[in-house]
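All figures in this text were calculated on a predicted structure; none of them were measured in a lab.
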Amino acid sequence: MEQFLQVGVISSIHGLRGEVKVFPTTDDAARFQTLKNVVLDTGREKLDLEIQSVRFFKQFVIVKFKGIDNINDIEKYKGKSLFVTRENAVELEEDEYYIGDLIGMEVYTDDSEERFGVLKDVMETGANEVYIITSENHGEVLLPAIHECILDIDVEAKKMKVHLMEGLL
């Protein structure tokens, strides 16, 4: 399981006083209002940052970090990801999973003990998510994340059991 979960990416600076525009990668951008701390992955190290203020502008979250009061102190982090620790993550409902926990899962079908493939990515669509599975025999397979197709997910074992409905291959 992932220790850190991504909540956003710094897309650009906003103004001269150290604010940044963050593109949220979480399901609910409003959760930034209750966040106290985030972890900034600089590529070399992980920095713990305290959030001073949050406001919203179009699809972005404008974030001000405590102790960063100058454009020069934050500009170098443009394009870098913001994470929360698993302890600070939003609690999940039943049958909800963090995308970071799903990626890399081994996928098996309900009609075979053989591994079908590996979950490579999750595509978010309007109706439901779609799991992108890389299969040795079938190439890239798109599988809707619905109860009829996804039979079991074991996050600890990193395994998923699926039912391939007719017409999916």
Hey, can you pull the donor-acceptor pairs under 3.5 Å for the side chains in residues 123-138, sequence neighbours left out?
unit_1, atom_1, unit_2, atom_2, d
T125, OG1, N128, N, 3.4
T125, OG1, N128, O, 2.1
S135, OG, F116, O, 2.9
S135, OG, N137, N, 3.4
S135, OG, H138, N, 3.3
E136, OE2, R115, NH2, 2.5

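- Rounding to the nearest 0.5 Å places OG1 of T26 at 9.5 Å from CG of L5.
- Counting heavy atoms from C-beta on, the side chains of V162 and L164 come closer than 4.5 Å.
- Between Q6 and I99 the shortest side-chain heavy-atom distance does not fall below 4.5 Å.
- Ion pairing of R17 with D69 is absent here, as no side-chain N (NZ or NE/NH1/NH2) approaches a carboxylate O to less than 4.0 Å.
- Side-chain contact between R86 and D101 is present, with heavy atoms from C-beta onward closer than 4.5 Å.
- Among pairs with a residue in residues 61-93, none fulfils ring-ring contact (aromatic ring centres under 6.0 Å, His included), at least two apart in sequence or across chains.
- Separation of atoms CD1 (I150) and CG (L119) is listed at 8.0 Å; rounding is to 0.5 Å.
- Residues V84 and R31 are in side-chain contact: their nearest non-hydrogen atoms beyond the backbone lie under 4.5 Å apart.
- Not a single salt bridge (Lys or Arg N to Asp or Glu O under 4.0 Å) links K159 to another residue, sequence neighbours left out.
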What's the verdict on side chain to side chain contact (heavy atoms under 4.5 Å, CB included) for V20 and H14, showing C-alpha distance, side-chain angles and the deciding distance? CA-CA 5 Å; V20 290; H14 185 80; 5.9 Å; no
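- Considering every non-hydrogen atom in both V9 and S81, the closest pair reads CG2-OG, 4.0 Å.
- The closest side-chain heavy-atom distance from N37 to D48 is not below 4.5 Å.
- Contact between C149 and M165 at its shortest, heavy atoms only, is SG-SD, 3.2 Å.
- Note on F56 and L35: same hydrophobic cluster, where clusters join Ile, Leu, Val, Met, Phe, Trp and Tyr whose side-chain heavy atoms are under 4.5 Å apart, directly or indirectly.
- Taking OG of S12 as the start and CD1 of I74 as the end, the distance is 11.0 Å to the nearest 0.5 Å.
- Heavy atoms only, all atoms of each residue included: V22 and P24 are closest at O-CD, 3.3 Å.
- Note: the hydrophobic cluster containing I62 does not contain I13 (ILVMFWY, side chain heavy atoms under 4.5 Å, direct or indirect links).
- Under the rule for a side-chain hydrogen bond (donor to acceptor under 3.5 Å, both in side chains), the partners of E106 that lie at least two apart in sequence or sit in another chain are Y108.
- Connection of I10 to F60 is not established within any shared hydrophobic cluster, with ILVMFWY side chains joined at heavy-atom distances below 4.5 Å, either directly or through further cluster members.
- With sequence neighbours excluded, the residues satisfying side chain to side chain contact (heavy atoms under 4.5 Å, CB included) with L92 are E96, Y98.
- For the side-chain hydrogen bond (donor to acceptor under 3.5 Å, both in side chains) condition, the pairs that include at least one residue of residues 160-169, sequence neighbours left out, are D110-H163.
- Placement of L47 and V38 within a single hydrophobic cluster is found when ILVMFWY residues are connected by side-chain heavy-atom separations under 4.5 Å, directly or transitively.
- Interatomic distance, CD of E19 versus CD of Q52, reported as 9.0 Å (0.5 Å rounding).
- Scanning all heavy atoms of the two residues, the minimum distance from V61 to A29 falls at CG2-CB, 4.2 Å.
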Intermediate values then yes/no, side chain to side chain contact (heavy atoms under 4.5 Å, CB included), M105 and V155: CA-CA 8 Å; M105 265 192 184; V155 174; 4.2 Å; yes
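- Taken from NZ in K76 to OG1 in T42, the straight-line distance is 9.0 Å, to the nearest 0.5 Å.
- To the nearest 0.5 Å, atoms CD (E50) and NZ (K64) are separated by 11.0 Å.
- When hydrophobic clusters are built by joining Ile, Leu, Val, Met, Phe, Trp and Tyr residues whose side-chain heavy atoms come closer than 4.5 Å, directly or via intermediates, L16 is grouped together with V63.
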Audit row: I68, L49, side chain to side chain contact (heavy atoms under 4.5 Å, CB included) steps and yes/no: CA-CA 9 Å; I68 298 179; L49 298 175; 4.1 Å; yes
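- Shown here is L142, whose CG atom has more than 12 heavy atoms of other residues, nucleotides or ligands within 6.0 Å.
- Residues V141 and V107 have side chains not in contact (no heavy-atom distance under 4.5 Å, counting atoms from C-beta outward).
- Formation of a donor-acceptor pair under 3.5 Å by the K158 side chain with backbone atoms of I103 is found in this model.
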